[in-house]
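Structure first, then comments.
Each chain gets a letter, A, B and so on, in the order the sequences are listed, and its residues count up from 1. All of these numbers come straight from a predicted model, not from anything done at the bench.
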2 protein chains.
Amino acid sequence: MDALTSAQLGALRRGMEPYVVFNEAEWIVFIQHISVHNFKKKQLFAEAGKVCNHVGFVLKGSVRYYHIKDGADITNYFSFENDYVSSYTSFLTGEPALNYIEALEPSQIIVITKKNMELMLNNPMLAYRMERFGRLIAEHYLICYEDRVSSFITQTPEERYLKLLETGREVLQRMPQHYIANFLGITPVSLSRIRKRILTEK
Amino acid sequence: MDALTSAQLGALRRGMEPYVVFNEAEWIVFIQHISVHNFKKKQLFAEAGKVCNHVGFVLKGSVRYYHIKDGADITNYFSFENDYVSSYTSFLTGEPALNYIEALEPSQIIVITKKNMELMLNNPMLAYRMERFGRLIAEHYLICYEDRVSSFITQTPEERYLKLLETGREVLQRMPQHYIANFLGITPVSLSRIRKRILTEK
DNA sequence: ACGTTTTCTTATCTTTTGTTAACGTTTTGG
DNA sequence: CCAAAACGTTAACAAAAGATAAGAAAACGT
């Protein structure tokens with residue numbers, strides 16, 4: 001856990017700006033309640049069975065959400081740079097998380113603990129801003145998930161794969177294909193066939 | 001648009017209680033900013049291409065979310081009694097909605113307009129509560145969508161159908177099957193086959 | 001550096017789904 | 001009340017996906 005650099009703080013502030021704008025005095029108090037952590041590849045950000053008591057903002061790197069079902073590791077979701085990251089339902093409800101979150105590559109993530117979030121919610125100087133910030137995070141996930149549900153209803157697995165590639169994240173080239181297959185809701189074998197189909201269609 | 005009965009107000013207050021608790025003075029001001037509307041079957045609550053300037057809470061009845069793609073009507077989602085209802089992304093962003101919302105049956109819905117929401121957000125007496133209320137609605141949709149994404153990844157269409165039936169909503173018996181098929185992400189023909197399979201397996 | 005594990009592809013076979021069309025039934029609107 | 005539209009099921013065929021297994025290549029840990 002290190003102090004944040006001004007570049008990191010700038011990224012966070014820009015990420016929040018569309019929704020929450022702090023004045024200077026508020027910002028100074030806010031940044032006293034956050035920290036930045038460096039995650040090694042495969043290091044866990046959150047763990048199934050444990051309450052997720054923190055929420056993050058990916059400055060650099062990427063993470064993978066997954067759960068274990070019948071002994072198999074199933075990838076649910078990814079967060080890339082400038083995304084929020086959390087087992088947010090667990091963070092909100094205080095129930096144990098259902099999924100793990102791990103770094104896909106060495107990552108820098110700004111972390112706000114629930115305790116610090118609550119301190120800010122109870123600090124009259126920040127309470128109103130923090131309610132708004134909480135709403136922002138929920139809305140961020142909301143819009144992502146809405147898109148995702150819609151993609152399952154209106155697109156084929158092949159279309160979903162091509163759409164994912166269009167984001168141009170190079171980490172997609174490096175991560176195991178079965179993570180992507182899970183994310184798309186298909187088997188790794190099926191993804192391999194889709195990839196071949198795309199190549200030969202070109 | 002009618003005044004709300006005390007039973008209706010009680011339902012709303014109970015729906016909000018897990019997250020937002022008003023004191024009596026706050027509640028009196030709050031209820032001056034809301035209204036209840038009766039929707040006929042097929043009457044629109046929100047319309048694609050228009051900004052959704054309101055958010056609702058279903059007291060009685062049910063609604064269907066759908067959009068038109070290549071001339072075809074595709075059902076995305078449902079809200080039943082004691083659910084929130086809105087093209088919430090449009091409500092939040094002020095962008096035109098991408099989907100329609102219509103009543104599946106005669107329905108009573110508590111409506112809060114964006115204007116009244118903003119009046120409350122700017123009223124120091126309610127601002128803090130309203131930030132929290134906004135968060136509540138976002139979180140409601142968040143948890144629903146999270147569940148839904150997870151169901152697409154880990155369940156077969158047949159399992160999703162059986163899970164939907166388990167909710168025991170009788171309106172599921174009465175609405176057209178192709179609404180349900182869309183919602184499950186399959187074709188009406190495929191749903192018909194699944195239904196037959198289930199019957200013969202018994 | 002080397003043996004193990006993971007990953008990706010390919011093949012085969014089965015199951016499921018999509019597509020289109022037909023047909024009888026039900027619902028709907030004028 | 002009647003004609004038109006919408007609906008649900010079924011059939012037939014094509015396309016896609018799941019399951020399983022096998023083999024080669026790459027990544028990993030020690």
Side-chain angles (χ1 to χ4, degrees), chain A residues 40-43 64 66 68-75 78 100 102-106 151-165 170-202, chain B residues 39-44 64 66 68-75 78 100 102-106 151-165 170-202:
Chain A
K40 294 175 198 162
K41 186 171 175 178
K42 300 208 175 185
Q43 190 179 339
R64 171 175 85 98
Y66 67 99
I68 307 291
K69 191 189 179 185
D70 305 328
D73 164 332
I74 309 286
T75 299
F78 306 110
Y100 299 82
E102 69 167 23
L104 278 165
E105 52 193 334
S151 79
F152 280 111
I153 289 187
T154 64
Q155 297 183 303
T156 63
E158 179 167 336
E159 286 168 333
R160 290 201 292 278
Y161 177 62
L162 290 170
K163 185 179 157 199
L164 181 64
L165 287 188
E170 9 57 73
V171 68
L172 292 171
Q173 313 287 329
R174 297 194 309 271
M175 75 172 77
Q177 298 291 335
H178 66 263
Y179 293 176
I180 298 175
N182 291 160
F183 176 80
L184 297 173
I186 59 180
T187 62
V189 176
S190 188
L191 176 58
S192 180
R193 285 189 287 233
I194 287 171
R195 283 157 58 82
K196 188 178 185 182
R197 209 183 300 153
I198 291 169
L199 282 177
T200 58
E201 275 168 9
K202 269 183 185 166
Chain B
F39 288 81
K40 294 175 198 162
K41 186 172 175 176
K42 297 208 177 188
Q43 191 179 338
L44 290 177
R64 172 175 84 98
Y66 67 99
I68 307 291
K69 191 188 179 186
D70 307 327
D73 164 333
I74 310 286
T75 299
F78 305 109
Y100 300 82
E102 69 167 24
L104 278 166
E105 53 192 333
S151 79
F152 279 112
I153 289 187
T154 62
Q155 297 184 302
T156 63
E158 179 167 333
E159 287 168 333
R160 290 201 292 279
Y161 176 62
L162 290 170
K163 185 178 155 198
L164 180 63
L165 287 187
E170 8 58 73
V171 68
L172 291 171
Q173 313 287 331
R174 296 194 308 270
M175 74 172 78
Q177 297 291 335
H178 66 265
Y179 292 175
I180 297 175
N182 291 160
F183 176 80
L184 298 174
I186 58 178
T187 61
V189 176
S190 188
L191 176 58
S192 181
R193 283 189 288 232
I194 287 170
R195 284 156 58 82
K196 188 177 184 184
R197 210 183 301 153
I198 291 170
L199 282 177
T200 56
E201 273 168 12
K202 270 182 185 168

Problem - Nucleotide of D:dA16, C:dG18, C:dT7 approaching A:Tyr179 most closely (side-chain heavy atoms) - result: C:dT7

Problem - Lys/Arg-Asp/Glu bridge criterion (N-O < 4.0 Å) met for B:Glu102, B:Lys42 - result: no

Practice task
Search all heavy atoms of A:Asn182 against all heavy atoms of A:Thr75 and return the closest pair with its distance.
Solution key: OD1-N, 3.1 Å

Problem - Sugar-phosphate, base or nothing in reach of B:Pro188, heavy atoms under 4.0 Å - result: nothing

Practice task
Round to a whole Å and report the spacing from CG of A:Leu172 to C1' of C:dC8.
Solution key: 17 Å

Practice task
Hunt down the Watson-Crick or G-U wobble partner of D:dT30, both distances under 3.5 Å, from any strand shown, or write none.
Solution key: C:dA1

Practice task
Give a yes/no answer on whether the side chain of A:Arg193 brings an N or O atom under 4.0 Å of OP1 or OP2 in C:dT10.
Solution key: no

Fill in the blank from the handout: By nearest-nucleotide position on DNA chain C, the 5'-leaning member of B:Lys42 and B:Thr156 is B:Thr156

Problem - Among D:dA19, C:dT10, C:dG18, the one nearest B:Thr187 by side-chain distance - result: C:dG18

Problem - Nearest to side-chain heavy atoms of A:Pro176, which nucleotide of D:dT10, C:dA11, C:dC8 - result: C:dC8

Practice task
Looking only at side-chain atoms of B:Ser190, point me to the closest of C:dT17, D:dA11, D:dA17.
Solution key: C:dT17

Exercise for the section: Calculate the interatomic distance between B:Arg195 atom CZ and C:dT17 atom P; express it in whole Å. Expected result: 15 Å

Handout entry: Length of the CG-C1' vector between A:Asn182 and D:dA17, whole Å
Key = 15 Å

Practice task
Just compare D:dT9, C:dA11, D:dG18 and give me whichever is closest to any side-chain atom of A:Val189.
Solution key: C:dA11

Practice task
Report the distance from atom CD1 of B:Ile186 to atom C1' of C:dT16, rounded to the nearest whole Å.
Solution key: 10 Å

Fill in the blank from the handout: Result for side-chain contact (heavy atoms from CB on, under 4.5 Å) between A:Ile194 and one of A:Val189, A:Ile186, A:Leu199, A:Leu184 points to A:Ile186

Practice task
Output yes when a side-chain donor or acceptor of B:Glu159 lies under 3.5 Å from a complementary backbone atom of B:Thr156, and no otherwise.
Solution key: yes

Practice task
Please determine if a side-chain N or O atom of B:Arg174 lies less than 4.0 Å away from the OP1 or OP2 oxygen of C:dT26.
Solution key: no

Completion exercise
To the nearest angstrom, the CD1-C1' distance between A:Ile198 and C:dC8 comes to 15 Å

Handout entry: With B:Glu158, the side-chain contact (heavy atoms from CB on, under 4.5 Å) member among B:Arg193, B:Arg197, B:Lys163
Key = B:Arg197

Problem - Rounded distance (Å) that lies between atom P of C:dT9 and atom CD1 of A:Ile180 - result: 10 Å

Exercise for the section: Ignoring hydrogens and angles, state whether a donor on the side chain of B:Ser151 or B:Arg160 is under 3.5 Å from an acceptor on the partner side chain. Expected result: no

Practice task
Using only side-chain N and O atoms of B:Ser192, determine if any of them is under 4.0 Å from OP1 or OP2 of D:dG8.
Solution key: no

Practice task
Side chain of B:Gln177 only, please: which of C:dT17, D:dT9, D:dG18 is the nearest?
Solution key: D:dT9

Practice task
Output yes when at least one side-chain N/O atom of B:His178 is less than 4.0 Å from OP1 or OP2 of D:dA6, else no.
Solution key: no

Practice task
May I ask you to verify if any side-chain N or O of A:Lys41 is less than 4.0 angstrom from the OP1 or OP2 atom of D:dC28?
Solution key: yes

Practice task
Quickly work out the B:Lys40 NZ to C:dG29 C1' distance and round it to whole Å.
Solution key: 15 Å

Practice task
Report the distance from atom OH of B:Tyr161 to atom C1' of C:dT16, rounded to the nearest whole Å.
Solution key: 17 Å

